[in-house]
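For reference, the structure is listed below as structure tokens.
So you know, we letter chains A, B, ... as the sequences are listed, proteins then strands, and number each from 1.
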Amino acid sequence: MNKKDVAHLLEEIGTLLELKNENPFKVRAYHNAARIINGLIENLEELVANGQLRSIKGIGEGLAEKITEFVRTGRLPYYEELKKSLPPGLEEMLAIPGLGPKRIKALYDTLDISMIGELEYACHENRLLDLEGFGIKMQENILKGIEQVRRHSEKHLFPTALEAAESLLSEISRLKGVIRSGIGGSLRRRKEVIGDIDILVSARPAEAPAIIEAFASHPDVEHVTAKGETKSSVHLKSGINADLRVINDKEYPFALHYFTGSKEHNIAMRSLAKKRGIKMNEYGLFREPSDKLIPCADEEGIFRLLGMSYIPPELREDMGEIDAAIAGRLPELVENNDLRGTFHCHTKYSDGVNTVGQMAAAARVLSWEYLGIADHSQSAAYANGLDAARVKTQWKEIDAFNGTSKGFRVFKGTETDILPDGTLDFPDKVLSGFDYVVISVHSKFKISEADMTKRIIKALKNKYATMVGHLTGRLLLSREPYPVDVQAVIDAAADYGKMIEINAHPLRLDLDWRWCRYAKEKGILLPINPDAHNTDGLRDTWYGVGTARKGWLEKKDVLNTFTAAQVEKRFESIHQ
DNA sequence: GCCGTTTTCGGCCCGACTGTTTTCAGTCG
């Protein structure tokens, strides 16, 4: 039983209660608790065993009791009863834009509709028109919404969304009357997948309508879903929804903060402001009761006024950043410029397209001092994995390169398969010749969580294993992670003094940022690895830096910020 | 459901937009 299971349970209870039209504050308490448990840096099972759940802010008597029962017995009758009381299709109906719990409940109570398919059929038969609060327009929008749910996933990969947002922004920022403009939302917070794009513009009020109009009629727009005086929402041809908000320039910092979110962070911030006698919204901070605006030149000013240090957007998830900012204990997040190199890159030897020399040259362009090459091992036939003989050829080439290149070092690494039985794909005699060994699962995904966890931990125990590669094997929006007890692997890595990579490929971003803090607290060093298969791929480390920052990691927590000499020393100490 | 420098009950963030209404409820972020 780990925190992910508990968080998932609480999340679902929240949703079910929502569908039952329960007290919205009760609903929020469950969703809040899910997020809090998810972000826990302490060991949940220990907290339960010691009866310390109540000491967590947001976990009261009721939740502590339910969590304890679930952790101890693996079951929660309260949840099971709740689940049984509602038809299973209702939850997926929440995905339809414009349909919330109230309307879904009305549809279920009066028309007995409990699945998307039934709803679609009822719309075609005009059966929604008789319902109070529903009309012809709503029926049309529901059909459109069903279409949208089926056609597009609601989430988009970070690079796809970023590209679409920058395309919109570059046009909008050039419009007449635009003073400041920027991207907010989950993109600015560097989430691993993106729901929609938020663009913010400041301009004189007289210019706002033209800016809104230009946005709504942009060539990337498929259709407009809302258009008001200060705000518009559109659906892009790429399948992504985008929102634009236009405000006047003195409101820009407040709107930027508001529009960056997260929603939960905003709620907590407003609640804090209120305690300080200040009303906070997207237009400003207002001293109550006079409602007098307290001006701020930028976002930094807002935090300063509320008596806290500046919270970088990546941390704004209401996962402890507000208390830390008040106490002046925010981490100094790692930055892209702190990196001096990276590990886990592929070359022509296996499934990469560039040579060792080309990869090293590209790394130098990024002002790096070293590069780790980690081609596939012999069992990875699909990726042209290297056998021991080819490994030796590559070592010679790297030695020759290092012999002539001043001020730049190539490390000899390997991405060695973790075989189904938990042994590694090279004998120790070969492994001992590498500077470092990335161990990854590339086969036999469909085993039980217990077996997969045992398999990886056994591999990690090998004295030559340096770091775990893409721990869960997930491919965002396309392949679920294989079952593995992440917490148990982190604990084992901490025990053995090993590392866990942050695979920076934008499809992976694995280790997930939600686990980074826990790993850091356990004293684990996390390398940021691009899993590059060509020279351009090296730049993917930037995505990994986003993950590290979201995971509260500082320079000292990331192996890539070490000098080549420090890296070498660390590798040696692990393999002794 | 949770919480408390207004502390065991009565609050709980705040505003824009839509579609249905004719003053507002529901949804969204």
Side-chain angles (χ1 to χ4, degrees), chain A residues 10 13-14 16-18 20-34 36 53-67 78 82 93-107 128-142 144-145 154 184-186 189 195-200 208 212 224-234 241-247 251 254-255 257-286 288 291 316 318 322:
Chain A
L10 297 173
I13 292 176
L16 292 169
L17 291 173
E18 206 177 350
K20 296 205 109 177
N21 275 347
E22 262 283 1
N23 174 355
F25 298 107
K26 182 170 169 180
V27 171
R28 191 204 289 171
Y30 276 93
H31 287 306
N32 265 340
I36 291 163
L53 279 176
R54 291 286 312 265
S55 66
I56 305 168
K57 203 174 144 201
I59 308 289
E61 198 184 337
L63 279 165
E65 235 170 61
K66 291 190 175 79
I67 293 169
Y78 169 76
L82 192 61
M93 283 168 59
L94 274 174
I96 301 169
L99 274 193
K102 295 255 167 55
R103 289 184 181 133
I104 289 174
K105 185 155 194 305
L107 288 167
L128 267 56
L129 300 184
D130 299 334
L131 252 62
E132 204 181 308
F134 287 78
I136 189 91
K137 199 84 191 208
M138 181 92 71
Q139 194 170 264
E140 280 169 18
N141 284 342
I142 288 173
K144 260 191 234 165
E154 284 179 279
S186 48
R189 300 201 313 280
D196 60 11
I197 293 168
D198 298 292
I199 292 178
L200 182 66
I212 299 262
V224 179
T225 45
K227 198 168 87 169
E229 285 173 19
T230 64
K231 191 180 160 185
S232 173
S233 301
V234 299
N241 291 321
D243 290 342
L244 172 75
R245 187 91 173 226
V246 183
I247 70 283
E251 293 162 349
F254 307 104
H257 176 264
Y258 161 84
F259 233 14
T260 297
S262 68
K263 188 179 157 194
E264 292 78 12
H265 167 90
N266 287 350
I267 290 173
M269 285 288 288
R270 286 178 192 159
S271 177
L272 175 76
K274 200 170 176 175
K275 266 190 225 157
R276 308 234 197 286
I278 294 170
K279 185 177 80 168
M280 184 176 183
N281 60 29
E282 60 262 57
Y283 303 113
L285 293 175
F286 302 92
E288 291 180 322
D291 262 6
R316 300 184 198 166
D318 192 25
I322 291 176

If you check every side-chain atom of [X], which of [options] has the closest atom?
X: A:I267; options: B:dT27, B:dC12, B:dC13; result: B:dC13
X: A:R103; options: B:dT20, B:dT27, B:dG29; result: B:dT27
X: A:P101; options: B:dG1, B:dT27, B:dG29; result: B:dT27
X: A:A226; options: B:dT20, B:dC17, B:dC13; result: B:dC17
X: A:D198; options: B:dG19, B:dA16, B:dG29; result: B:dG29
X: A:K274; options: B:dC2, B:dC12, B:dA16; result: B:dC12
X: A:Y283; options: B:dC2, B:dC3, B:dG15; result: B:dG15

When we call it a touch if two heavy atoms are under 4.0 Å apart, what does [X] touch: a base, just sugar-phosphate, or nothing?
X: A:K102; value: sugar-phosphate
X: A:L17; value: nothing
X: A:P97; value: sugar-phosphate
X: A:K105; value: nothing
X: A:K275; value: nothing
X: A:M269; value: nothing
X: A:D196; value: sugar-phosphate
X: A:F259; value: nothing
X: A:I136; value: sugar-phosphate
X: A:R28; value: base
X: A:E22; value: nothing
X: A:I142; value: nothing
X: A:S262; value: nothing
X: A:E132; value: nothing

remark   = Heavy-atom nearest nucleotide on DNA chain B taken for A:G98 and for A:G228; more 5' hit belongs to A:G228
query = Mapping A:N266 and A:S232 onto DNA chain B by nearest heavy atom, which one lands closer to the 5' end?
reply = A:N266
ask   = Heavy-atom count around A:E61 CD within 6.0 Å, excluding the residue itself: above 12?
value = no
message = Please determine whether a side-chain nitrogen of the Lys or Arg among A:E282 and A:R245 lies less than 4.0 Å from a carboxylate oxygen of the Asp or Glu.
response = yes
task = Give none if B:dG15 has no partner; otherwise give the nucleotide forming a Watson-Crick or G-U wobble pair with it, both distances under 3.5 Å.
result = B:dC28
task = With C1' as the reference atom in both, quote the distance from B:dC13 to B:dC3 in angstrom, rounded to an integer.
result = 16 Å
ask   = In whole Å, what separates the C1' atom of B:dC9 from that of B:dC14?
value = 24 Å
